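First comes the structure, then the notes that go with it.
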Amino acid sequence: MAELAIEAIGLAKGFKEVEALKGVDFRVERGASFALVGPDGAGKTTAIRLLCGLLKPDSGRVSVFGAGPAEPAAKAKLGYLSQRFSLYGDLSADENIAFFAEIHGRRNYASRRDELLEFTRLSPFRDRLASKLSGGMRQKLALACALVHEPELLLMDEPTTGVDPVSRREFWEIVAGLSRGGMTVVAATPYLDEAERFDSVGMLDEGRFLALGSPRQLKEGFGWTVVEIACADARRVARILSSEEARGAGVAAAQAFGDRVDIFAGDGEAARRYALSALAREGLAVASSRIAAPSLENVFMQLLGGTKG
Amino acid sequence: MSRLSSLVQKEFQEFRRDKKMRAIVVVAPIMQILVLGYAANMDVKDVPMAVYDQDHSSESRDLARAFVASGSFLVAAAPESAEAVDQELSSGRAEIAVVVPPGFGAALRGRGSPSLQLLVDGSRANTAAVGMAYAASVANDFSLRFAPGSLRIALPVEARTRIWYNPELKSRAFMIPGVFALLLMVITIILTSLAIVKEKESGTLEQLIVTPLRKAELIAGKLAPFVLVSLILICLALAACALFFGIVPRGSILLLFVLSLALVFSTLGIGLLVSTLAKTQQQAMMFSIFFFMFPMMILSGFVFPIANMPAPIRAFTYLMPLRYYMIIVRGIFLKGSGIGLLWKQLWPLLAIGVAVVSFSIARFRKQLE
């Protein structure tokens, strides 16, 4: 078995009003990537903060490369990107990177800094004050600062929240590059499409894992065939396809997503034919329909809804 | 050590670019010395006076001239009835009124005992008390002019007052060292608390905790820059006192610097304490002002003499670092006091500093966890 980057056992943490994490276990191997997904308040941020030693668990324990996360041995190997892209607004991009390099005791960081600025495509903005950078650029600069000491583990708390879609894609490409280079990456994210990129995913809700595994395992465990129906009034369509009659026709569940409805069934083709006729009866137009592979979103929504295939 | 110096260096880089901080350090001390120095003046000059002359004698007219000649009063009105006097005082056109009764001149010339009525607007307590005393002394001097030398009574004890340290009894000479002390306290508390809370707000404090930086280094790195800043502040404030008011310390400037560091030690502790209480820079400002600055301003002897306070409040003033520093600053500025005399103020100041700093550090460390 490969070396463990992170081992969390029975991790629990409560605050004044809420029990944020109610005992979770997981392991991340060196070089692997792990995503913590879940709705707001699921305990993702608490988990990340426990992993980087900003919080102490009430019970259970975390080890980072075999050490406690607050120990110097672990700190030197850990890079943390917080939700707020914490930077010094009155310092330039260059100075921010230099400062974090010095705090980590790096002396000859000039070439490392150039490399990071190149890598995050921030070289043209190196003299600009951090407070004058756009959201996406701030995020990349914060990433550069978190990477300046060449950590072996990168911990990120919702790194794409509040960032535009183009910057978001660019950001995940950068992270994918790091991951290919052998870095262990752990990220919390509310977006399930982002979680698809990770080696393994922990689905958190109310401080507990609903499911834990690789995206493939999770989808295989789903057990239903998915039919995507593109239509106008997704909510109404979902309601019709969740009726008693639909259930009798083999439709296990229906989920509305903006401009489409996903239905789950044992026999996908039969369910698709039923759905088209039922919607035609109601006079609702269907733009297109097709049998699709289940997404993590399907899996998670279904787990949250409480029914399992 | 190199990590500590990077922290301090970073602090000054931020400082140079933060307009708000720059204004607090450079503009505030000069402005405050200037404005407060002129404003914090309790000398009574040119008080508007109403003279109700019922006597119309040459003596009564001389008396009015004597009031003006003293420099403390201006004759603003000459009412001709008791009601008119009342009107002048209540409208505020006059703050003090003199009523010269009929027969005043005759009495002065030796036929009876002359008397005067002084009416003062008590709603202006300072002007009333000082103005009344001045007016009474002008009237006394005036009456002495008419006493024949041979009839002067020889007093068994004659008190001759000599005032030391501030011979002209200028309140400014007394107030400006106070402003100096206040300034040093206010600015160091605000700056320290703002600088730390700013890191909390932006999340960089969290980012620092995740690095191998030790907590002691972090605390030292956040406080050390303000020791340097406070030295700059003292220089600027001293220069402002000398340039604008010609007030320079009589005692050792070196001693003033050294003892000022003792105050700064405790105010940095207070700044750190405020930063553990506040979540935002605005809160830090509010906490500094309401919980520390106002009480210290009022209870340090800056304006109100501590000796006149009721015992329970007086006991409370012993907790104020500024109380001791106020005596130190006034001692060095006005009396040229040396360490031998000021030692009695220094040790409680240091003791409070040690207590505040260790309490704040303990709180801050706990919050970092």
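Here the structure is a predicted model, which means the values were calculated and not measured. Note on naming: letters A, B, ... go to the chains in the order of the sequence lines (proteins, then strands), and numbering restarts at 1 for each one.
Of all residues in residues 85-113 of chain A, those placing a non-hydrogen atom less than 4.5 angstrom from a non-hydrogen atom of chain B are A/S86, A/L87, A/Y88, A/D90, A/L91, A/S92, A/E95, A/F99, A/F100, A/E102, A/I103, A/H104, A/R107. Within residues 44-65 of chain A, the residues having any heavy atom less than 4.5 Å from a heavy atom of chain B are, in residue-number order, A/R49, A/C52, A/L54, A/K56. Of all residues spanning residues 139-177 of chain A, none has a heavy atom less than 4.5 Å away from chain B's heavy atoms.
In plain terms, the two heavy atoms of B/A195 and B/E11 that are nearest each other are CB-OE2, 3.7 Å. Residue A/R138 comes nearest to A/A130 through the heavy atom pair NH1-O, 3.3 Å, listed as atom of the first residue, atom of the second, then distance. Heavy atoms only, all atoms of each residue included: B/L322 and B/A181 are closest at CD1-O, 3.7 Å. Contact record, A/F26 with A/V28: CD1-CG2, 4.2 Å, taken as the closest heavy-atom pair. For the residue pair B/F245 and B/I33, the shortest heavy atom distance occurs at CE1-O, 3.4 Å. The nearest pair of heavy atoms linking B/L183 to B/A28 is CD1-O, 4.3 Å.
Two residues are said to be in side-chain contact when any heavy atoms from C-beta on lie closer than 4.5 Å; B/L273 and B/T276 meet this criterion. The closest side-chain heavy-atom distance from B/L231 to B/V264 is not below 4.5 Å.
Around atom CZ of B/F12, more than 12 heavy atoms belonging to other residues, nucleotides or ligands sit under 6.0 Å away. Shown here is B/K215, whose NZ atom has more than 12 heavy atoms of other residues, nucleotides or ligands within 6.0 Å.
Residue contact with chain A, scored on non-hydrogen atoms closer than 4.5 Å, involves the backbone and the side chain of B/L7 alike.
B/Y324 pairs by the side-chain hydrogen bond (donor to acceptor under 3.5 Å, both in side chains) definition with nothing, not counting sequence neighbours.
A/Y80 and B/T211 share no donor-acceptor pair across their side chains, judged by distance under 3.5 Å alone.
Using a distance-only test at 3.5 Å, with no hydrogens or angles considered, a donor-acceptor pair links the side chain of A/D25 to the main chain of A/G10.
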